Amino acid sequence: MMHSRRQILVKSPDFNRTIALQLDPAQSVLTLSGITSLLESSSSHRNSLSDFCVALDGKLLNGSTRIQVSKLPSFSMLTLYPRLRGGGGDGGATGAESRDCYLNMYAEKKPDKVDRNEQRLSKWLNCALSNEPLAEPCVIDLLGNLFNKEALVHALLSKRVPKQFSHIEGLKDMVNIKLTPVAGSDGSSQDTTSSQFQCPVSGLEFNGKYKFFALRRCAHVMSSKALKEVKSSSCLVCHADVKESDKIVINGTEEEVSSLREKMEEEKAKLREKKAKLREEKAKLREMKGVSNKSQNGTAVVADTGAKVAKMADTGAKVAKMADTGAKVAKMADTGAKVAKRQMDDGNVNGNGITVKKFKAADKVPVNATKEVYASLFTSSKKKSDFRETYSCRSLPLGRN
């Protein structure tokens, strides 16, 4: 029986080219170990087959795989894939790894080491709030922290003061300071590697290597060394009186900051007590003023009532006076009426109130006539008397008969 010869083409990274393996025609079953022996007999293969994953026509082979040679095509492709070291190509742990390496993958990363020198310079040369270089005008809080005044005021106005500076509530919690620029500098340089300020007495640089104090009364900043060497109860620059309580250490230690915090709390407590006393005194004054106002109001009401009564009395008097005047006017009118009536009776006034001259016969005496005789002819010329005539008789007046 004739057996057709079959070839297996092998492709591997170790080979510069694809090689061909001739299968024995009498061989009926092909295993992984058989393929291994064929490859090891090849002088061009340098590594063991255990370092590779073997795939025949795309199907992975293992130690238990048995292939019927008769079912293989005339040409088959055997591909060798390098195994990952320490594993089986499944992504598992390698021999180089350990439990410590695994735990370090999930452990918190340690912060990078901070250069203490840079940290010190940043604290002394920059604003504690904005981290910008210090520039006039500068201030400190009651705990000795340095600030650019503009940055701190802006934070207060916008209500964005960090929690660590919550003790700063307004301008009363700031202390203005006067920093002395280094010779040849105006203090406005943006250099953050060297100090731009110094002690005005000793010349020590304001960079954190030396202790500095700020004087609350005159705002000057000078080194502790200068204050110790030149003992004085006044400022060494402006000669203003300085007390020990006026000194505020700048960027002090934890103990110094704690002492300053206690001092600050005591001052605020005293200020609160003072304000409370002022409020009580104002309340008492308001209460006393209220009582005084009430008494004054009562007196004013009585006085006002009396004034009103007096005014009413005066008005009554005026009314009475007017009534009296009216009575007088009425009396005068009555008198006038009587006079007018009398005049009318006498014939001196007519009905329209016009005065006319009464006719008298004696005024019109004819020529060669006696005045008395002529007047006797007219009744208007007769004198009035109490004599009264009746319809039945005419009595002569007394003295005529």
Side-chain angles (χ1 to χ4, degrees), residues 116-129 133-149 152 164-165 167-168 170-189 191-274:
R116 292 186 177 181
N117 186 46
E118 291 183 1
Q119 189 177 16
R120 172 179 53 80
L121 288 175
S122 176
K123 191 174 183 179
W124 282 79
L125 305 182
N126 298 333
C127 171
L129 184 63
L134 291 175
E136 294 287 350
C138 298
V139 295
I140 61 170
D141 61 4
L142 299 179
L143 301 182
N145 297 306
L146 286 163
F147 300 95
N148 285 330
K149 188 173 183 178
L152 185 55
Q164 57 182 336
F165 302 128
H167 58 277
I168 305 176
L171 295 176
K172 64 180 181 300
D173 298 319
M174 306 179 195
V175 178
N176 294 316
I177 58 174
K178 298 176 183 178
L179 294 172
T180 304
V182 175
S185 173
D186 57 358
S188 60
S189 175
D191 185 12
T192 58
T193 59
S194 60
S195 176
Q196 303 298 316
F197 306 101
Q198 65 180 5
C199 173
V201 179
S202 63
L204 296 177
E205 290 188 357
F206 188 78
N207 56 10
K209 291 183 178 180
Y210 312 100
K211 183 183 292 187
F212 275 76
F213 287 94
L215 307 181
R216 296 182 64 174
R217 183 160 297 187
C218 63
H220 282 106
V221 176
M222 57 190 65
S223 64
S224 174
K225 183 179 180 181
L227 294 174
K228 288 181 180 179
E229 291 181 353
V230 184
K231 295 183 179 180
S232 174
S233 60
S234 61
C235 175
L236 302 178
V237 178
C238 64
H239 306 292
D241 293 336
V242 176
K243 298 179 181 179
E244 192 65 26
S245 59
D246 293 333
K247 298 178 183 179
I248 299 178
V249 62
I250 299 176
N251 290 330
T253 61
E254 292 183 1
E255 294 180 357
E256 291 170 338
V257 171
S258 177
S259 176
L260 289 173
R261 189 180 296 277
E262 292 178 0
K263 181 179 176 182
M264 178 184 68
E265 294 298 335
E266 289 178 1
E267 290 181 358
K268 289 188 174 182
K270 291 180 180 179
L271 184 61
R272 284 194 295 268
E273 291 178 1
K274 186 176 180 181

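Just so it is clear, the structure is predicted and the values come from calculations on it, not from any experiment.
Distance check, rounded to the nearest 0.5 Å: OG1 of Thr180 to CZ of Phe197 gives 9.0 Å. Between the CG atom of Leu129 and the CZ atom of Phe165 there is a distance of 6.5 Å, given to the nearest 0.5 Å. Interatomic distance, Leu179 CG to Cys199 SG, rounded to the nearest 0.5 Å: 11.5 Å. Considering CG of Asn251 and CG of Asn145, their distance stands at 6.5 Å, rounded to 0.5 Å. One distance of note links SG of Cys218 with CG of Asp246; it measures 8.5 Å at 0.5 Å rounding.
By the 6.0 Å contact criterion, NZ on Lys209 is open, its count of non-hydrogen atoms from other residues, nucleotides or ligands being 12 or less. Heavy atoms from other residues, nucleotides or ligands lying under 6.0 Å from NZ of Lys172 number more than 12. Atom NZ of Lys247 has more than 12 neighbouring heavy atoms from other residues, nucleotides or ligands inside a 6.0 Å radius.
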Original post:
Please walk me through it: do Lys178 and Met222 pass side-chain contact (heavy atoms from CB on, under 4.5 Å)?
Top reply: CA-CA 10 Å; Lys178 298 176 183 178; Met222 57 190 65; over 6 Å; no
**OP:** Would you sort out whether Lys211 and Glu256 count as a salt bridge (charged side-chain N to carboxylate O under 4.0 Å, His left out), showing the intermediate values?
**Re:** CA-CA 11 Å; Lys211 183 183 292 187; Glu256 291 170 338; 2.7 Å; yes
Subject >> Worked check of side chain to side chain donor-acceptor pair (under 3.5 Å) between Asp173 and His167 >> reply: CA-CA 8 Å; Asp173 298 319; His167 58 277; over 6 Å; no
**OP:** Please lay out, stage by stage, how Gln196 and Leu125 fare under the test side-chain contact (heavy atoms from CB on, under 4.5 Å).
**Re:** CA-CA 8 Å; Gln196 303 298 316; Leu125 305 182; over 6 Å; no
Subject >> Step-by-step side-chain contact (heavy atoms from CB on, under 4.5 Å) determination, Lys228 to Ser223 >> reply: CA-CA 9 Å; Lys228 288 181 180 179; Ser223 64; over 6 Å; no
Subject >> Test log, rule side-chain contact (heavy atoms from CB on, under 4.5 Å), inputs Phe212 and Val221 >> reply: CA-CA 7 Å; Phe212 275 76; Val221 176; 3.8 Å; yes
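A distance-only check finds no donor-acceptor pair linking the side chain of Asn126 to the backbone of Lys123 [under 3.5 Å]. Distance alone, capped at 3.5 Å, is enough to place a donor-acceptor pair between the Arg120 side chain and the Asn207 backbone.
Glu273 has its side chain out of reach of Lys268: every pair of non-hydrogen atoms, C-beta onward, lies at least 4.5 Å apart. Using a 4.5 Å cut-off on side-chain heavy atoms (C-beta onward), Lys263 and Glu267 make contact. Val139 has its side chain out of reach of Val175: every pair of non-hydrogen atoms, C-beta onward, lies at least 4.5 Å apart. The shortest distance between side-chain heavy atoms of Met174 and Asp141 does not fall below 4.5 Å.
Of all heavy-atom pairs spanning Phe206 and Leu134, the tightest one is CE2-CD1, 4.4 Å. Cys138 and Asn148 make their closest contact through SG-OD1, 4.0 Å (heavy atoms, listed as atom of the first residue, atom of the second, distance). Taking every heavy atom of both residues into account, Gly203 and Gln198 meet most closely at O-OE1, 3.7 Å. Between Ala226 and Leu236, the shortest heavy-atom distance links the atoms O-CD1, 3.8 Å. Ile177 and Ala214 get closest at one heavy-atom pair: CG2-CB, 3.9 Å. Residues Ile140 and Leu146 come closest through the heavy atom pair CG2-CD2, 3.6 Å.
Identified under the ring-ring contact (aromatic ring centres under 6.0 Å, His included) test for residues 213-271, with sequence neighbours left out: none.
A search for side chain to side chain donor-acceptor pair (under 3.5 Å) contacts involving Ser259 returns nothing, not counting sequence neighbours. Shown here are the side chain to side chain contact (heavy atoms under 4.5 Å, CB included) partners of Gln164, two or more places apart in sequence or in another chain: Pro162.
We find that Arg216 and Glu244 are not joined by a salt bridge, their nearest charged nitrogen and carboxylate oxygen being 4.0 Å or further apart. Under a 4.0 Å N-O distance rule, the pair Glu265/Arg272 does not qualify as a salt bridge.
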